[in-house]
Amino acid sequence: MFRSLVLSAPLVVAATFAQAVDAPPAMRAFVETNIMTWAESTQVIDAINAQNAQTAGSSEAQILEWDAAWRAQIGQADQPLINEVMTRDLSGFLAEQVAASGGRIMEIFVMDAVGLNVAASDVTSDYWQGDEEKYTKTFNAGTGAVFVDAVEFDESTQSYQGQISVSLSDPATGEVVGAMTIGLNAEAFF
């Protein structure tokens with residue numbers, strides 16, 4: 001229905017864009033050629049493995065408690081959990097990738113084996129992604145899994161965004177250790 005929609009103006013046509021639109025193939029191609037070259041680098045995998053060592057065996061109650069704490073800290077002066085994630089070297093690296101993308105990348109975040117944020121270019125609306133398709137359709141799907149979500153309005157970035165998520169495997173073991181979501185500016189790809 002919306003696949004042939006031509007968008008020459010910004011996606012501010014919210015009334016006609018109320019439903020999700022399929023992400024264009026150019027988005028997936030961009031991720032394959034520009035993101036996957038570093039996605040399973042030592043820097044990324046080591047950060048995931050370090051957090052996996054800390055969060056392995058966490059109960060659902062603990063995960064939900066962390067997620068609630070993250071949500072409560074958004075916009076507050078005191079943000080210990082958010083600051084812990086956002087001051088990591090990997091978060092700085094992800095922010096550099098966003099800045100260098102010429103406006104094509106809106107956000108990038110990396111998740112551990114239970115779906116918690118390991119690092120993020122920008123503060124996400126929640127800490128736990130483990131109950132969302134970006135995690136369940138990648139991490140749970142195994143090595144090489146890619147999930148291309150529909151283009152939708154993203155509250156955290158206040159823009160129309162297409163998210164592409166990938167499973168991340170440790171090259172040393174071949175095992176999936178985490179996942180990554182890349183939020184792409186839809187206007188840059190239509």
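No hydrogens, no waters, no symmetry mates; every other heavy atom, side chains included, goes into these values.
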Side-chain heavy atoms of Glu175 within contact of Ser169, under 4.5 Å: no
Check: Glu107 side chain, Gly183 main-chain N or O, donor-acceptor pair, under 3.5 Å: no
Student check: side-chain heavy atoms of Val176 and Leu168 closer than 4.5 Å: no
Nearest non-hydrogen partners of Ala186 and Val151, listed with the distance: CB-CG1, 3.5 Å
Heavy-atom side-chain proximity of Met106 to Val98 below 4.5 angstrom: no
Joint hydrophobic cluster, Phe93 plus Ile48, side-chain heavy atoms closer than 4.5 Å: yes
Minimum heavy-atom distance Pro80-Gln73, with the two atoms named: N-OE1, 3.3 Å
Joint cluster assignment, Val110 & Phe139, ILVMFWY side-chain distance < 4.5 Å: no
Residue pair Thr136, Phe147: steps toward the side chain to side chain contact (heavy atoms under 4.5 Å, CB included) verdict: CA-CA 9 Å; Thr136 61; Phe147 173 63; over 6 Å; no
Pairwise distance CD(Glu65) to OH(Tyr127) - rounded to 0.5 angstrom: 12.0 Å
Inter-residue atom distance Asp170.CG - Asp46.CG, 0.5 Å rounding: 8.0 Å
Atom pair CH2/CD of Trp70 and Glu84 - distance to nearest 0.5 Å: 9.0 Å
Heavy-atom pair of closest approach, residues Ala120 and Val85: N-CG1, 4.2 Å
N/O donor-acceptor pair under 3.5 Å between Ser159 side chain and Asn185 backbone: no
Heavy-atom donor-acceptor pair, Ser121 side chain to Leu94 backbone, under 3.5 Å: no
Shared hydrophobic cluster for Ile105 and Phe153 (ILVMFWY, side-chain gaps under 4.5 Å): yes
Side chain to side chain contact (heavy atoms under 4.5 Å, CB included) assessment of Leu90 paired with Gln43: CA-CA 7 Å; Leu90 183 56; Gln43 179 181 12; 4.1 Å; yes
Separation between CD1 of Ile182 and CE of Met36, rounded to the nearest 0.5 Å: 7.5 Å
Side chain to side chain contact (heavy atoms under 4.5 Å, CB included) between Thr181 and Ile164, intermediate numbers included: CA-CA 6 Å; Thr181 295; Ile164 297 183; over 6 Å; no
Side-chain donor-acceptor contact under 3.5 Å, Gln129 with Asn117: yes
Over 12 non-hydrogen atoms of neighbours within 6.0 angstrom of CG in Asn83: yes
Side-chain heavy-atom pair Met111, Gln51 within 4.5 angstrom cut-off: no
Val118 to Ala47 - nearest heavy-atom pair and separation: CG1-O, 3.7 Å
Distance-minimising heavy-atom pair for Gln76 and Ala72: CG-O, 3.2 Å
Tyr135/Trp128 under ring-ring contact (aromatic ring centres under 6.0 Å, His included): CA gap, chis, key distance, verdict: CA-CA 10 Å; Tyr135 174 82; Trp128 184 49; 8.2 Å; no
Donor on one side chain, acceptor on other, Ser165 and Asp149, under 3.5 Å: no
Pair Glu60, Gln62: side-chain N/O donor-acceptor within cut-off below 3.5 Å: no
pair Lys134-Gln163: side-chain heavy atoms closer than 4.5 Å: yes
Minimum side-chain heavy-atom gap Asp126-Glu132 below 4.5 Å: yes
Candidate pair Phe109 and Met180, rule side chain to side chain contact (heavy atoms under 4.5 Å, CB included), full reasoning: CA-CA 6 Å; Phe109 51 94; Met180 178 169 51; over 6 Å; no
Between CE on residue Met86 and OG on residue Ser91, distance to nearest 0.5 Å: 5.0 Å
Inter-residue atom distance Ser101.OG - Glu96.CD, 0.5 Å rounding: 12.5 Å
Check: Leu184 and Val31 side chains under 4.5 Å, non-hydrogen atoms: yes
